[in-house]
Amino acid sequence: MTTRPTAVWTEIPVTDLDDAISFYSKVFEWQMMKDDSGPNPMANFTAETTGVSGHLYPGKPAAPGTGPTIHLAVPDTLAAASDRLTAAGGTVVMGPISIPVGSFLYCEDPDGNSIGLFEPKAA
């Protein structure tokens, strides 16, 4: 393990798991599938769970604008991902914001969860 603060896993609570799988799959172009093998259903961001990642689970999202924000890398550009996000029922809240390593948008999923769409700076 490491001695520095390192996020190793994230969980996003959603009110309807199937709808959330559809939303996140469209926005990030993931192939998410429901997993009913544990005590509660969930949907991992990726089938590869040996590194840093996360999942969606049935739960109670924080009130819009009050919960934590997870920033997720987009597969292409912020413009393309934000188009997919709004078409799938999400909302762009602010941005784009440029930082030394790239750019991001603050957004909300249909449940009001705060997410950041992140595009790394071109090499």
Side-chain angles (χ1 to χ4, degrees):
M1 218 36 151
T2 179
T3 57
R4 63 185 175 98
T6 302
V8 296
W9 196 260
T10 187
E11 299 176 331
I12 299 176
V14 296
T15 58
D16 185 302
L17 186 57
D18 292 325
D19 286 349
I21 289 169
S22 176
F23 172 80
Y24 281 87
S25 294
K26 288 174 185 170
V27 174
F28 296 100
E29 299 183 336
W30 294 337
Q31 298 299 314
M32 298 182 76
M33 295 172 45
K34 188 187 286 186
D35 178 354
D36 288 313
S37 65
N40 297 302
M42 64 179 187
N44 290 320
F45 295 163
T46 176
E48 177 56 51
T49 58
T50 59
V52 176
S53 192
H55 69 257
L56 307 173
Y57 71 98
K60 183 177 179 184
T66 65
T69 302
I70 175 174
H71 292 262
L72 300 163
V74 299
D76 44 16
T77 66
L78 285 180
S82 68
D83 287 347
R84 291 190 300 272
L85 176 119
T86 56
T91 305
V92 174
V93 175
M94 184 187 335
I97 299 166
S98 294
I99 57 177
V101 295
S103 298
F104 67 94
L105 298 169
Y106 282 113
C107 304
E108 290 180 352
D109 73 7
D111 278 316
N113 288 304
S114 179
I115 58 173
L117 305 184
F118 176 74
E119 179 183 348
K121 187 179 232 176

**Q** How long is the straight-line distance from CD1 of Ile12 back to CE of Met42, given to the nearest 0.5 Å?
**A**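 CD1 of Ile12 is found 13.5 Å from CE of Met42.
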
**Q** Could you grab the distance from atom OG1 of Thr10 to atom CG of Leu56, nearest 0.5 Å is fine?
**A**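 Here the rounded value is 9.5 Å.
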
**Q** Using 30° and 60° as the class limits, which term best fits the ring planes of Trp30 and Phe28: parallel, tilted or perpendicular?
**A**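 Parallel: the ring planes of Trp30 and Phe28 meet at under 30°.
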
**Q** Which heavy atom of Pro61 sits nearest a heavy atom of Pro13, and at what distance?
**A** CG-O, 3.4 Å

**Q** From Ser25 OG over to Glu29 CD, what is the distance, rounded to the nearest 0.5 angstrom?
**A**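 The CD atom of Glu29 is 10.5 Å from OG of Ser25, to the nearest 0.5 Å.
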
**Q** Could you measure the distance from the NE2 atom of His55 to the CD1 atom of Ile21? Nearest 0.5 Å is fine.
**A**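 Nearest 0.5 Å value for the NE2-CD1 distance: 11.0 Å.
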
**Q** Of the non-hydrogen atoms in Asp109 and Asp111, which two are nearest, and what is the gap between them?
**A**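 Answer, listing the atom of Asp109 first, then Asp111: OD1-N, 2.9 Å.
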
**Q** Are any non-hydrogen side-chain atoms of Ile97 and Tyr106 less than 4.5 angstrom apart?
**A**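 The answer is yes; the side chains approach within 4.5 Å.
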
**Q** Could you report the tightest heavy-atom contact between Phe23 and Gly90, atom names first, then the distance?
**A** CE1-N, 3.6 Å

**Q** For Met32 versus Asn44, what's the shortest heavy-atom pair and its separation?
**A**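 Answer, listing the atom of Met32 first, then Asn44: CE-O, 3.5 Å.
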
**Q** Can you tell if the side chain of Leu17 reaches within under 4.5 Å of the side chain of Tyr57, non-hydrogen atoms only?
**A**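 Not in contact.
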
**Q** Where do Glu108 and Pro64 come nearest, in terms of heavy atoms and distance?
**A**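 In this case the closest contact between Glu108 and Pro64 is OE2-CB, 3.8 Å.
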
**Q** State, yes or no, whether a side-chain contact exists between Glu119 and Phe104 at a heavy-atom distance under 4.5 Å.
**A**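 Glu119 vs Phe104: side chains apart.
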
**Q** Only pairs under 3.5 Å count here: list side-chain donor-acceptor contacts from residues 65-81, not counting sequence neighbours, and write none if there are none.
**A**
| from | atom 1 | to | atom 2 | distance (Å) |
| --- | --- | --- | --- | --- |
| Thr66 | OG1 | Ala63 | N | 3.2 |
| Thr66 | OG1 | Ala63 | O | 2.5 |
| Thr69 | OG1 | Ser114 | OG | 2.5 |
| Asp76 | OD1 | Arg84 | NH2 | 3.1 |
| Asp76 | OD2 | Arg84 | NH1 | 2.9 |
| Thr77 | OG1 | Ala80 | N | 3.1 |

**Q** Determine whether Leu117 and Val27 satisfy the following criterion, side chain to side chain contact (heavy atoms under 4.5 Å, CB included), listing intermediate values before the conclusion.
**A** CA-CA 9 Å; Leu117 305 184; Val27 174; 4.1 Å; yes

**Q** Could you report the tightest heavy-atom contact between Pro110 and Gly89, atom names first, then the distance?
**A** CG-O, 3.8 Å

